[in-house]
Amino acid sequence: MNQKLKDIPVKIEPAKPEMQTVSLYEAQKKIHPRSVSGLFNNWRILFVVATQLVYFGLPWLQWNGRQAVLFDLVGRKFYLFGLTIWPQDFVYLAALLICSAFALFAWTAIAGRLWCGYSCPQTVYTEIMIWIEQLVEGDRNKRLKLDKEPWGLRKLRLRATSQGLMIVFSLLTGFTLVGYFTPMPDLLAALPDFDYGPWELFWMFFYAGFTYLLAGHLREQVCKYMCPYARFQSAMFDEDTLIISYDEKRGEPRGARRKGQDNANLGDCINCGICVQVCPVGIDIRNGLQYECIGCAACIDACDEVMVKVGSPKGLIRYTTEAALEGKYPESEFWSRLKRPRVVLYLLLLSIIFGAAVTSLLMRKPFKVDILKDRASLVRETDDGWLENNYSVRIINTAEEEQRFRITVEGLPDLKLVVDRKEIMIKATENEQIDVRVQADPQYATKGSHKIYFRVESLTDGSAIEEKSSFIGE
């Protein structure tokens, strides 16, 4: 019996592998960029300072006794220095957005993500937050050491100070944002008692909170995972787009220089890793073009500094094009490659839309007119047997000076205009509604609707606007 059991073949099933859970999300690794100096770093500092001077300074400028830049939502008008934008002018806002889009497309096709690296609010605010950390906590090595250090009074003091300064800066950005919609003198007057409206408080803390969250904590995560521009930028890139590139032919094979050894077979890259340490998004540019790269050129400054120290030419990492890097043409011919169809089309569309908007803006009249017919009483008969319709004429003075206006009407024979004032005086950037009555002879104003035209003339500069309306006969 035992012999028979031994002769029966036994099939051994292989052990099933243990189930493993694979995370689809990468844990955030805090990046502490190393300080760098050089030409492109100076440009970044210049853009940070310039953009913040514009943002924080504009609400304080005065123009003709009012705030130069003010978006008055309550009054439904936007002030841009000497230009007043009314709801009827919002076509210019659409033109501005379209021009901004095509300008971004054209610039990306020419020079990649320079906007991201130098002027994007996320980049600018992140740079400021990093400066605050460096000021309080020290350079990169000290910040890394502080991260590993157990919590104590020293670490708590340093972190509380840096985070506190970030919060103060974020609150200043939120306060300034509200200053574009509520005059700055009013905001300052309400500051001692904190007597702000609910919407003012909401937007103040909303903008400040997201500035602190995105620039103070998420930082490069915004550029990598939240910004849509990083995802569709490749649609505008081509082989002639100016990008930051590592010259692999010159740099490989990498290796540290050793005294007393033959380094002839090594490339110019000494594999120091400083280009990675200075990168604000933590990528290695030597791995090729990556969508995370924001084009800030910190790696160029760092690499050039190392090349000078080791006695090699600058430009191992540089702004160049893919075609030039492959030797299809010299890098000096980059400017001649701007004539390619993609760039020409973007610039042509941008020029047409911008030119049309500016021309329309320059040719617009210094006032606007809206005619509203009284629907409550379409027609009534006067004591002398004439027919009468009521209208409301709204005159909007878009100029920066007071204007005098006169209203007339035509379209039917012997039309009469009954208005309280022969001349209407309207202050600068104000509007007024005037109730008028139009009377017509019944023999001409037969049953039905008849076209009439209101003419509003500025007695100040002689310009006039004619608006069509209708007269209802019996």
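- Other residues, nucleotides and ligands place more than 12 heavy atoms under 6.0 Å from the CZ atom of Arg231.
- In plain terms, the two heavy atoms of Val69 and Leu80 that are nearest each other are CG1-CD2, 4.0 Å.
- Surrounding CE of Met425 are more than 12 heavy atoms belonging to other residues, nucleotides or ligands, all under 6.0 Å away.
- Salt-bridge check for Glu432 with Arg421: passed, with a basic side-chain N closer than 4.0 Å to an acidic carboxylate O.
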### Task
Verify salt bridge (charged side-chain N to carboxylate O under 4.0 Å, His left out) between Arg394 and Asp370, making sure each step is shown before the conclusion.
CA-CA 5 Å; Arg394 180 173 294 278; Asp370 287 332; 5.7 Å; no
### Query
Where do Tyr207 and Phe210 land on the ring pair (Phe, Tyr, Trp, His ring centres under 6.0 Å) test, with the steps shown first?
CA-CA 5 Å; Tyr207 193 79; Phe210 271 90; 9.1 Å; no
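- A pairwise comparison of heavy atoms in Thr211 and Met129 identifies O-CE, 4.1 Å as the closest pair.
- At distances below 3.5 Å, at least one donor-acceptor pair connects side-chain atoms of Thr173 with backbone N or O atoms of Ser170.
- Counting non-hydrogen atoms of other residues, nucleotides and ligands closer than 6.0 Å to CD of Glu331 gives a total above 12.
- Tyr229 is listed as a side-chain neighbour of Arg113, based on a closest heavy-atom distance under 4.5 Å.
- The distance from the CD1 atom of Ile244 to the SG atom of Cys293 is 4.5 Å, given to the nearest 0.5 Å.
- Not one N or O on the side chain of Glu252 forms a donor-acceptor pair closer than 3.5 Å with the backbone of Lys249.
- Summarising the geometry of Trp86 relative to Lys77, their closest heavy-atom pair is CH2-CD, 3.7 Å, with the distance given to 0.1 Å.
- For the residue pair Ile407 and Val456, the shortest heavy atom distance occurs at CG1-CG2, 4.3 Å.
- Residues Ile130 and Pro33 meet the side-chain proximity criterion, which asks for heavy atoms closer than 4.5 Å.
- Separating the CD1 atom in Ile300 from the CD atom in Glu305 is a distance of 14.0 Å, to the nearest 0.5 Å.
- Rounded to the nearest 0.5 angstrom, Thr161 OG1 and Glu133 CD are separated by 12.5 Å.
- In this pair, Phe71 and Phe181 present their aromatic rings tilted. The plane angle is within the 30 to 60° band.
- Looking only at side-chain heavy atoms (C-beta outward), Thr429 and Asn64 stay at 4.5 Å or farther from each other.
- When side chains are defined from C-beta on, Glu400 counts as touching Trp63, because their heavy atoms get closer than 4.5 Å.
- A donor-acceptor contact shorter than 3.5 Å links the side chain of Asn397 to the backbone of Glu401.
- The distance from atom CD of Gln163 to atom CD of Glu137, rounded to the nearest 0.5 Å, is 7.5 Å.
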### Query
Can you check side chain to side chain contact (heavy atoms under 4.5 Å, CB included) on Gln134 and Asp139, steps first, answer last?
CA-CA 5 Å; Gln134 291 175 344; Asp139 58 20; over 6 Å; no
### Task
Determine, stepwise, if the pair Leu289 / Glu322 fulfils side chain to side chain contact (heavy atoms under 4.5 Å, CB included).
CA-CA 10 Å; Leu289 179 63; Glu322 180 183 349; over 6 Å; no
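- Using modelled atom types and a 3.5 Å distance limit, the side chains of Gln403 and Ser458 yield a donor-acceptor pair.
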### Verdict with reasoning, Ile396 to Phe367, per side chain to side chain contact (heavy atoms under 4.5 Å, CB included)
CA-CA 5 Å; Ile396 303 172; Phe367 65 97; 6.0 Å; no
### Task
Apply the test ring pair (Phe, Tyr, Trp, His ring centres under 6.0 Å) to residues Phe90 and Phe78: give CA-CA distance (whole Å), side-chain angles for both, the deciding distance (0.1 Å), then the verdict.
CA-CA 10 Å; Phe90 265 47; Phe78 292 173; 5.6 Å; yes
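- Summarising the geometry, atom OG belonging to Ser392 is positioned 4.5 Å from atom CG belonging to Asp435; distances are rounded to the nearest 0.5 Å.
- The aromatic rings of Phe47 and Trp43 lie tilted to each other, with the angle between the two planes from 30° to 60°.
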### Task
Start with the C-alpha distance between Phe40 and Tyr118, add both sets of side-chain angles, then the distance that settles ring pair (Phe, Tyr, Trp, His ring centres under 6.0 Å), and finish with yes or no.
CA-CA 9 Å; Phe40 298 108; Tyr118 294 88; 7.3 Å; no
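- Here the side chain of Tyr319 pairs no donor or acceptor atom with the backbone of Ala111 at under 3.5 angstrom.
- In terms of modelled atom types and a separation under 3.5 Å, the side chain of Asp304 and the main chain of Asp301 share no donor-acceptor contact.
- Between the Thr398 side chain and the Pro366 main chain, a donor and an acceptor come within less than 3.5 Å of each other.
- Under 4.0 Å is where a charged nitrogen must lie from a carboxylate oxygen, and between Arg364 and Asp89 at least one such pair does.
- The cationic group of Lys468 does not satisfy the cation-pi geometry with Tyr453, failing either the under 6.0 Å distance to the six-membered ring centre or the 45° limit from the ring axis.
- Residue-environment remark: CZ (Phe354) stays at or below the threshold of 12 foreign heavy atoms within 6.0 Å.
- Ring planes of Phe175 and Tyr196: perpendicular class, angle over 60° (limits at 30 and 60°).
- Counted by atom type alone, Arg76 and Asn431 present zero donor-acceptor pairs between their side chains at under 3.5 Å.
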### Message
Please determine whether ring pair (Phe, Tyr, Trp, His ring centres under 6.0 Å) holds for the pair Tyr125 and Phe169, giving the CA-CA distance in whole Å, both sets of side-chain angles, and the decisive distance to 0.1 Å.
### Response
CA-CA 9 Å; Tyr125 286 152; Phe169 173 77; 5.8 Å; yes
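- In this structure the side chain of Leu58 reaches within 4.5 angstrom of the side chain of Phe81, judged on heavy atoms.
- Looking at Arg404, its side chain never comes within 3.5 Å of a backbone N or O of Glu423 through a donor-acceptor pair.
- Here the closest heavy-atom approach between residue Pro192 and residue Ala189 is recorded as CD-O, 3.4 Å.
- Judged by distance alone, with hydrogens and angles left aside, the side-chain atoms of Gln290 form a donor-acceptor pair with the main-chain N or O of Asp284 at under 3.5 Å.
- For the pair Gln122 (side chain) and Leu214 (backbone), a donor-acceptor distance under 3.5 Å is present.
- Side-chain N or O atoms of Glu457 include none that pairs as donor or acceptor with a backbone N or O of Phe405 at under 3.5 Å.
- Within the 4.5 Å cutoff, side-chain heavy atoms of Val310 are placed close to those of Ile270.
- Atom-to-atom distance recorded for Arg257:CZ and Asn271:CG is 10.0 Å, nearest 0.5 angstrom.
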### Task
Walk me through it: do Tyr391 and Leu372 pass the test side chain to side chain contact (heavy atoms under 4.5 Å, CB included)?
CA-CA 6 Å; Tyr391 302 85; Leu372 183 63; over 6 Å; no
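- Among all heavy-atom pairs drawn from Cys99 and Ile353, the shortest one is SG-CG2, 3.7 Å.
- No side-chain heavy atom of Tyr346 sits less than 4.5 Å from a side-chain heavy atom of Ile110.
- Between Thr321 and Tyr329, the side chains place a donor N or O and an acceptor N or O closer than 3.5 Å (distance only, hydrogens not considered).
- No option in Arg159, Arg140, Lys155 other than Arg159 meets the salt bridge (charged side-chain N to carboxylate O under 4.0 Å, His left out) test with Asp147.
- You'll find the side chain of Arg455 stays beyond 4.5 Å of the side chain of Val409, heavy atoms only.
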